[in-house]
Asks: 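The following block contains the structure, expressed as structure tokens.
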Amino acid sequence: MAWFRAGASIAKHAIKRTLSQRGGGGSSYVVSRARLLPSTQGRRNFHTTVFKNQPAPVPHAVPLSKLTDSFLDGTSSVYLEELQRAWEADPNSVDESWDNFFRNFVGQASTSPGISGQTIQESMRLLLMVRAYQVNGHMKSNLDPLNLEARQIPDDLDPAFYGFSEADLDREFFLGVWRMAGFLSENRPVQTLRSILTRLEQAYCGSIGYEYMHISDREKCNWLRDKIETPTPVQFNRERREAIFDRLAWSSLFENFLATKWTSAKRFGLEGGETLIPGMKEMFDRASDLGVESIVIGMAHRGRLNVLVLNNQVAFTTDPMSGRSSQYCTDVAKALDAPIFHVNGDDVEAVVHACELAAEWRQTFHSDVVVDLVCYRRFGHNEIDEPSFTQPKMYKVIRSHPSTLEIYQKKLLETGELTQDDIDKIHTKVTSILNEEFQASKDYIPKRRDWLSAYWLGFKSPEQLSRVRNTGVKPEILKTVGKAITTIPENFTPHKAVKRIYEQRAQMIETGEDIDWGFGEALAFATLLVEGNHVRLSGQDVERGTFSHRHSVVHDQTTGEKYCPLDNVIMNQNEEMFTVSNSSLSEFAVLGFELGYSMENPNSLIIWEAQFGDFANGAHVIFDNFLASGESKWLRQTGLVVLLPHGYDGQGPEHSSARLERFLQMADDNPYIIPEMDPTLRKQIQECNLQIVNVTTPANFFHVLRRQIHREFRKPLIVMSPKNLLRSKACRSNLSEFDDVKGHPGFDKQGTRFKRLIKDRNAHSDVEEGIRRLVLCSGKVYYEIDEHRSKVDASDVAICRVEQLCPFPYDLVQRELKRYPNAEVVWCQEEPMNMGGYTYILPRLVSSMKAVGRGGFDDVKYVGRAPSAATATGFLKVHQKEQAEIAEKALQREPVNYPF
């Protein structure tokens with residue numbers, strides 16, 4: 001398309017020059033003014049031009065050597081005429097592009113009967129006029145069903161702009177360009193200018209406005225031209241129109257039915273945009289014909305009955321001109337090279353056609369397409385709103401405007417394709433079915449099973465007890481997969497630092513010691529893959545890891561080729577079993593996609609990782625409206641895992657906190673009611689809406705990831721993942737903590753599984769009366785407190801890690817409270833008091849203390865930063881001072897003052 005666009009620009013310049021100067025020997029004209037002339041044939045009016053004679057300039061000689069220049073270099077009509085004469089004398093004397101040009105425009109045209117002296121300049125002008133309709137025809141299309149928008153018609157849609165007058169309308173012209181489609185294809189017949197203009201108006205200036213000339217791919221543009229610039233307009237037969245009317249009746253009468261049954265409800269109904277339903281049905285039918293097996297419908301922003309947020313021209317009280325700076329709300333789609341079909345919502349056949357074309361595009365090119373259904377809201381923002389407060393002119397028009405059903409019904413009656421009896425039968429059918437279903441709905445009891453796809457067969461609801469499963473793996477499997485994912489092909493040249501990491505991991509699996517965070521995660525992925533589960537990981541820097549700890553994809557430093565060890569865990573592994581994908585830095589969009597992915601197939605571990613946990617605030621619409629509340633609102637489970645790098649290490653307020661408190665605030669467990677905690681009867685996680693963990697060991701991270709798959713239900717998992725612990729020598733695990741061998745460190749009474757609470761690392765007995773303080777904490781602050789404990793020899797202080805914050809591990813906290821009956825109870829965190837886990841932990845810790853007779857609110861002491869508006873300081877030295885004070889205060893000899 002580049003050559004065509006460049007050539008068109010050059011030729012447009014040449015036309016302007018030709019119209020303002022006289023060429024050699026012929027008449028010359030200049031545009032004086034434009035006026036509207038009536039068409040004698042009853043056609044659509046068009047602009048013409050009055051011309052005045054001007055003296056002719058002296059023509060300049062053109063060297064013969066210049067005649068071999070490319071088609072893209074032509075700049076004047078004199079040059080074009082001399083090229084034409086040279087080509088007529090010898091086609092080989094001009095460039096190949098000019099040879100093709102003259103062959104199409106002159107060679108074929110000159111042999112066509114009825115053509116009266118079509119010149120090369122007129123051919124160029126026709127070409128530009130056609131292109132103008134392709135580019136700007138939508139500016140003249142009839143898109144607004146209310147006819148409120150006054151749009152300026154571009155000059156280049158006026159035939160007079162190209163020098164054509166009324167006298168040219170019945171002249172015959174040939175159109176044809178090499179390797180083009182539609183009007184410009186080589187096989188189109190000779191047509192009069194009038195017929196060309198009429199068909200261009202029908203194709204581009206009717207109820208559909210097409211925008212596609214921004215697409216750089218010639219094949220895609222030609223495909224659309226063939227679909228749009230058909231020799232005759234698309235017409236539906238009687239059967240098709242009856243089906244469209246039936247669907248429109250369902251759409252309209254359903255809204256009427258709701259309005260009569262719930263007169264004062266805010267329905268956010270479809271009135272004014274009823275043609276959406278026939279359009280969508282056509283889109284689905286056509287997509288199904290073309291092989292589509294699954295369709296996802298985007299819900300409205302608050303999950304109402306309406307299926308999409310349409311171009312209804314009103315965003316509550318904001319006029320379109322105030323709502324955006326661009327001409328259309330769809331202009332953003334041009335950045336994606338997506339075609340855009342603007343369509344008048346009152347023309348149901350145009351809507352159906354646009355939706356059908358969109359389905360065909362999607363299946364042909366597997367890329368985005370936008371249907372901009374321009375409609376209106378008959379009752380404003382909602383049914384009990386008064387839209388005339390802010391749009392009086394618009395709603396004065398709407399009050400007298402017929403519905404889309406009335407418009408189409410009138411059309412079919414006038415054409416005789418439906419009788420009044422046919423219409424009455426359809427109305428009666430729809431109304432009777434709606435009334436029957438309304439009566440049946442009074443006895444309807446929703447079942448969770450009804451809301452789940454076939455993949456969810458066998459999964460349990462919160463009402464059904466699901467036993468906790470072990471997540472340990474046989475040692476031989478760990479060794480086998482460990483070797484597989486630490487092996488890089490011999491002919492592959494990784495970066496020396498990455499090579500060293502893989503060599504260290506190979507040593508870890510060989511010795512069974514010092515397994516770090518990144519390798520613990522890789523082992524979780526690999527063992528799930530061996531068991532036949534799909535693993536998917538996406539996020540901004542997930543392939544290498546934001547902190548260069550993962551390196552799941554290795555790059556050859558010589559060839560640039562990639563190698564993914566997790567694609568080679570087993571022989572002949574399906575490459576789709578493991579997917580790791582760097583995504584755009586659009587947390588809202590990517591998290592939304594991964595949420596939908598996780599709901600489609602529960603037998604997959606789906607993970608989204610934020611670059612920094614702080615950046616998750618850009619996705620809180622997804623967290624609030626869908627992840628935290630989706631099961632409650634729609635009975636839909638999801639096992640999505642969200643990794644949010646979190647921790648205070650001096651990087652400032654934008655790179656320290658994943659806002660743990662916000663996720664804990666969304667938890668729906670009651671802090672004053674301790675649920676059943678017996679391992680054989682516990683349904684605590686099933687009945688809670690979220691799991692929120694702040695894990696401190698690679699082994700526990702391994703088990704919490706595997707736990708997501710090894711259970712009979714699904715629940716979202718929010719992980720406050722570490723940053724500086726990724727390379728900490730203290731944050732390591734032995735391979736024996738990953739396996740299922742009885743007697744190994746990870747094996748407890750129930751087997752090897754995720755530890756919701758990790759007790760003090762010292763070998764304390766069941767009752768330790770000599771411990772003066774029990775410090776409960778979560779996350780990396782544990783290692784700082786423990787290191788300081790060693791320095792000051794505070795052996796009379798016990799430190800326990802609450803690995804799972806939500807749902808709260810009441811049973812394990814009570815166990816530790818009983819173990820240390822004389823200990824002062826402290827909650828320690830590195831976040832400010834109004835952030836982190838404190839406000840969530842406090843009432844639940846108090847409930848645990850009351851249950852074992854250890855006091856109440858005043859008996860829980862707080863150690864951490866003071867309340868703050870910002871998550872962290874921006875000064876490293878201040879951070880280091882604050883961090884040191886936390887560890888010192890947690891271990892101080894004197895009692896901790898409440899609350900500081």
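In this chain, residues are counted from 1 in sequence order.
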Asks: Under the side-chain hydrogen bond (donor to acceptor under 3.5 Å, both in side chains) rule, collect the residues that match up with E587, sequence neighbours excluded.
Replies: none
Asks: Give the C-alpha distance, both sets of side-chain angles, the deciding distance and a yes or no for side chain to side chain contact (heavy atoms under 4.5 Å, CB included) between L143 and Y328.
Replies: CA-CA 12 Å; L143 299 181; Y328 296 113; 4.1 Å; yes
Asks: Between D285 and R247, is there a salt bridge with N-O shorter than 4.0 Å?
Replies: yes
Asks: Output the distance between atom CG (D289) and atom CZ (F284), rounded to the nearest 0.5 Å.
Replies: 13.5 Å
Asks: According to the interplanar angle, ranging from 0 to 90°, do the rings of W361 and W223 count as parallel (below 30°), tilted (30 to 60°) or perpendicular (above 60°)?
Replies: perpendicular
Asks: With respect to S207, which candidate in D346, N344, D347 satisfies the side chain to side chain donor-acceptor pair (under 3.5 Å) definition?
Replies: D347
Asks: Inspect the surroundings of CD in E386 and state if more than 12 heavy atoms from other residues, nucleotides or ligands are less than 6.0 Å away.
Replies: yes
Asks: Measuring only between side-chain heavy atoms, which start at C-beta, is N222 closer than 4.5 Å to R225?
Replies: yes
Asks: Between R199 and T230, is any side-chain donor less than 3.5 angstrom from a side-chain acceptor?
Replies: yes
Asks: Got a second to check how far F245's CZ is from L418's CG, nearest 0.5 Å?
Replies: 6.5 Å
Asks: Verify ring pair (Phe, Tyr, Trp, His ring centres under 6.0 Å) between W634 and F626, making sure each step is shown before the conclusion.
Replies: CA-CA 9 Å; W634 303 305; F626 298 94; 5.7 Å; yes
Asks: Judged by atom type as modelled, is there a donor-acceptor pair below 3.5 Å linking the side chain of H214 to the main-chain atoms of A338?
Replies: yes
Asks: Between F365 and E219, does the side chain to side chain contact (heavy atoms under 4.5 Å, CB included) criterion hold? Intermediate values first, please.
Replies: CA-CA 10 Å; F365 298 107; E219 178 190 357; 4.1 Å; yes
Asks: Quick one: closest heavy-atom pair of P402 and Y376, and the distance?
Replies: O-OH, 3.7 Å
Asks: Heavy atoms only: give me the nearest P154-M139 pair and the separation to one decimal.
Replies: CD-CB, 3.6 Å
Asks: Going from OG on S251 to CE on M280, what distance comes out if it is rounded to the nearest 0.5 angstrom?
Replies: 10.5 Å
Asks: Indicate yes or no: at least one non-hydrogen side-chain atom of Y597 is less than 4.5 angstrom from one of H534.
Replies: yes
Asks: Is S598 reaching over with its side chain to a backbone N or O of G639, donor-acceptor style, under 3.5 angstrom?
Replies: no
Asks: Give me the ring orientation class for Y210 and Y204: parallel if the planes are under 30° apart, tilted from 30 to 60°, perpendicular past 60°.
Replies: perpendicular
Asks: State the CG-CG distance between D144 and N142, to the nearest 0.5 angstrom.
Replies: 8.0 Å
Asks: Can you check whether F174 reaches L126 side chain to side chain, under 4.5 Å on heavy atoms?
Replies: no
Asks: Would you confirm whether Y212, through its side chain, and F341, through its main-chain N or O, come within 3.5 Å as a donor-acceptor pair?
Replies: no
Asks: Under 3.5 Å, is there a donor-acceptor pair between the side chain of E255 and the main chain of L270?
Replies: yes
Asks: Looking at E201, K140, M129, which one forms a side chain to side chain contact (heavy atoms under 4.5 Å, CB included) with L157?
Replies: K140
Asks: What I'd like to find out is whether the side chain of S584 reaches to under 4.5 Å of the side chain of V590, using heavy atoms alone.
Replies: yes
Asks: Tell me, do D217 and D337 make a side-chain contact under 4.5 Å, heavy atoms counted?
Replies: no
Asks: Do you know the tightest heavy-atom contact between V371 and A358?
Replies: CG2-CB, 3.6 Å
Asks: On a heavy-atom basis, which atom in C221 and which in I215 lie closest, and how many Å separate them?
Replies: SG-O, 3.4 Å
Asks: Keeping the roles fixed (side chain from R194, backbone from L169), state whether a donor-acceptor pair exists under 3.5 Å.
Replies: no
Asks: State, without any angle test, whether S629 and S632 hold a side-chain donor-acceptor pair at a distance under 3.5 Å.
Replies: no
Asks: Determine whether more than 12 heavy atoms belonging to other residues, nucleotides or ligands lie under 6.0 Å from atom CD of Q420.
Replies: yes
Asks: When rounded to the nearest 0.5 angstrom, what distance separates OG in S604 from CE in M599?
Replies: 14.0 Å
Asks: Would you say K429 has more than 12 foreign heavy atoms packed within less than 6.0 Å of its NZ?
Replies: yes
Asks: For the residue pair Q134 and E229, what are the closest heavy atoms and their distance?
Replies: NE2-OE2, 2.8 Å
Asks: Any donor and acceptor pair, going by atom type alone, linking the side chain of T431 with main-chain N or O of T428 inside 3.5 Å?
Replies: no
Asks: Salt bridge or not for R714 and E631, using N-O below 4.0 Å?
Replies: no
Asks: Quick one: does any side-chain atom of E594 pair with a main-chain N or O of W608 as donor and acceptor, under 3.5 Å?
Replies: no
Asks: Indicate whether any N or O donor in one side chain lies under 3.5 Å from an N or O acceptor in the other, for S583 and S538.
Replies: no
Asks: Under a 4.0 Å N-O cut-off, is there an ion pair linking R240 with E349?
Replies: no
Asks: Is there a side-chain contact between L405 and E274 in this structure, where contact means two heavy atoms from C-beta onward sitting under 4.5 Å apart?
Replies: no
Asks: Would you give the length of the straight line joining atom CG of D331 to atom CD of Q327, rounded to the nearest 0.5 angstrom?
Replies: 6.5 Å
Asks: Check for a donor-acceptor pair, side chain of R536 on one end and backbone N or O of S581 on the other, with a separation under 3.5 Å.
Replies: no
Asks: I'd like to know if K410 pairs up with E406 as an ion pair, taking the criterion as any Lys NZ or Arg NE/NH1/NH2 lying under 4.0 Å from an Asp or Glu carboxylate oxygen.
Replies: no
Asks: Regarding D422 and K425, does a basic nitrogen lie under 4.0 Å from an acidic carboxylate oxygen?
Replies: no
Asks: With a 4.5 Å heavy-atom cut-off, do L248 and I277 have their side chains touching?
Replies: no
Asks: Between T263 and T260, is there a donor-acceptor pair closer than 3.5 Å when you use the side chain of the first and the backbone of the second?
Replies: no
Asks: Walk me through whether L591 and F623 qualify under side chain to side chain contact (heavy atoms under 4.5 Å, CB included).
Replies: CA-CA 9 Å; L591 178 61; F623 287 124; 3.4 Å; yes
Asks: What are the two closest heavy atoms between T415 and E417, and how far apart are they?
Replies: OG1-OE1, 2.9 Å
Asks: Walk me through whether H427 and Q409 qualify under side chain to side chain contact (heavy atoms under 4.5 Å, CB included).
Replies: CA-CA 11 Å; H427 279 240; Q409 185 171 291; 3.3 Å; yes
Asks: Taking C-beta and beyond as the side chain, do Y408 and T275 meet within less than 4.5 Å on heavy atoms?
Replies: no
